[in-house]
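To start, the structure under review is shown below, and the notes come after it.
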Amino acid sequence: WLTSGQTAVLVRLLQERGLSAVSIGCGEGAFEAQLEEAGVPVRGVDLDVLPSYKTMRCFLRGGIIRVRPDELFRIDEPSRTCLCFVWGRALPWREYLSCYPQVPLVCIIGESASTPEESVATVPSSNALEADASWSRLHCGPARAVHGGAVMCVYERAPASLTSLAADEL
């Protein structure tokens, strides 16, 4: 999980924009609980594939929402939501971004890749949206983690992308 200073960076970005957070692949919800304690409305989502998940610790007051591996969590207000992907191993991040094009902010915490083709331990890599012109980086900095080289990157969808998406919805 992040230090309080690292969490404060994300909390500030979310609160400035009036966004809640949905964290996909939240595990026990330690990172998400930090956001919750700072006043950010947050939903933790993880897979429901092992019986042991029912006995896992849970740091979130509201609990963790479990989804089948073949489904995506339904986000009620995507235009007011930041999607978080934290130390994912095989998260369907592209599917979430495709399914919810109204999401204005994405936070990815994990290992950084030197090139888009480089394979790293986390999927997505923390800098997975660097080469995507529809996203701009707001923050990228070190994150405390068990493994060295952890990075937190926060991206904002380009306004032109959101405008064209809004027109498509009419």
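Quick note: numbers below take in every heavy atom, side chains included, and nothing from hydrogens, waters or symmetry partners.
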Indicate yes or no for a side-chain donor-acceptor contact from [X] to the backbone of [Y] under 3.5 Å, with no hydrogens or angles considered.
| X | Y | result |
| --- | --- | --- |
| E36 | R61 | yes |
| N127 | S112 | no |
| R43 | I65 | no |
| R80 | S20 | no |
| Y100 | I75 | yes |
| T122 | E111 | yes |
| Y155 | S134 | no |
| Q15 | V40 | no |

Hey, what do you get for [atom1] ([X]) to [atom2] ([Y]), rounding to the nearest 0.5 Å?
| X | Y | atom1 | atom2 | value |
| --- | --- | --- | --- | --- |
| T3 | M152 | OG1 | CE | 8.5 Å |
| L91 | C84 | CG | SG | 11.5 Å |
| R74 | L72 | CZ | CG | 12.5 Å |

>> Under the salt bridge (charged side-chain N to carboxylate O under 4.0 Å, His left out) definition, can you give me all pairs with a residue in residues 19-31, not counting sequence neighbours?
In response: E28-R57
> Any salt bridge (charged side-chain N to carboxylate O under 4.0 Å, His left out) pairs touching residues 123-134, not counting sequence neighbours?
Replying inline: E130-R137
> Run the side chain to side chain contact (heavy atoms under 4.5 Å, CB included) check on L105 and L138 step by step: do they pass?
Replying inline: CA-CA 9 Å; L105 209 69; L138 295 178; 3.5 Å; yes
> For R89 and V123, what are the C-alpha separation, side-chain angles and deciding distance, and is it a side chain to side chain contact (heavy atoms under 4.5 Å, CB included)?
Replying inline: CA-CA 5 Å; R89 294 293 178 231; V123 176; over 6 Å; no
>> If hydrophobic clusters are built from ILVMFWY residues whose side chains come within less than 4.5 Å, do L129 and F85 share one?
In response: yes
>> Going by disulfide (SG to SG under 2.5 Å), name the residues that satisfy it together with C153, two or more places apart in sequence or in a different chain.
In response: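 Here the qualifying residues are C140.
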>> Using side chain to side chain contact (heavy atoms under 4.5 Å, CB included), reason through F31 and F59 one step at a time and then give a plain yes or no.
In response: CA-CA 9 Å; F31 160 72; F59 293 98; over 6 Å; no
>> With a 6.0 Å cut-off (strictly less than), is the heavy-atom count around CZ of R94, excluding the residue itself, greater than 12?
In response: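 At most 12 heavy atoms, drawn from other residues, nucleotides or ligands, come within 6.0 Å of this atom.
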> Where do F73 and L83 land on the side chain to side chain contact (heavy atoms under 4.5 Å, CB included) test, with the steps shown first?
Replying inline: CA-CA 11 Å; F73 173 69; L83 272 174; over 6 Å; no
